[in-house]
Amino acid sequence: MPEFDFKRFHIRSMNATDEERAAINQELKDLYASLPEEDKADFNEQLQTFLVKEVARVKSDYDSIRGLNSPN
């Protein structure tokens with residue numbers, strides 16, 4: 001099972017323009033399309049895992065920052 005480096009795509013897209021972000025998304029779609037069928041399920045699973053972790057990290061960061069602005 002190949003390991004996919006979704007973080008590399010994510011970091012590139014963080015400060016990208018809409019046009020650059022569309023090109024990065026196309027790269028991911030092309031990568032997916034190039035995979036053998038047996039690797040597509042792994043790709044999807046790894047992508048979902050990455051996205052869940054990133055959302056949790058962003059929420060944690062947000063909650064921490066919001067907590068700094070709340071009176072104790």
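Predicted model, so just to flag it, every value in this text is computed and none were measured.
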Rounding to 0.5 Å, atoms CD1 (I11) and CD1 (I24) come to a distance of 11.0 Å
Separation of L28 CG from L47 CG (nearest 0.5 Å): 7.5 Å
Other residues, nucleotides and ligands only: do more than 12 of their heavy atoms fall within 6.0 Å of CD on E38? yes
Quiz: residues 50-59 side-chain donor-acceptor pairs under 3.5 angstrom, not counting sequence neighbours:
unit_1	atom_1	unit_2	atom_2	d
E54	OE1	H10	NE2	3.4
E54	OE1	R57	NE	3.3
E54	OE1	R57	NH2	2.9
R57	NH1	D61	OD2	3.0
K59	NZ	D63	OD2	2.6

Stepwise side-chain contact (heavy atoms from CB on, under 4.5 Å) check, F4 with N44: CA-CA 10 Å; F4 301 100; N44 288 331; over 6 Å; no
May I ask you to decide if F9's main-chain N or O and E27's side chain share a donor-acceptor pair within less than 3.5 Å? no
Applying side-chain contact (heavy atoms from CB on, under 4.5 Å) to F6 and T49, what does each step give before you reach the verdict? CA-CA 10 Å; F6 295 111; T49 299; over 6 Å; no
Is there a donor-acceptor contact under 3.5 Å linking the side chains of D30 and Q26? yes
Tell me whether T17 contacts the main-chain N or O of E20 through its side chain, where contact means a donor paired with an acceptor under 3.5 Å. yes
Taking atom CG as the centre, does N15 end up with more than 12 heavy-atom neighbours from other residues, nucleotides or ligands that are less than 6.0 angstrom away? no
Is K40 atom NZ crowded by more than 12 heavy atoms from other residues, nucleotides or ligands, each under 6.0 Å away? yes
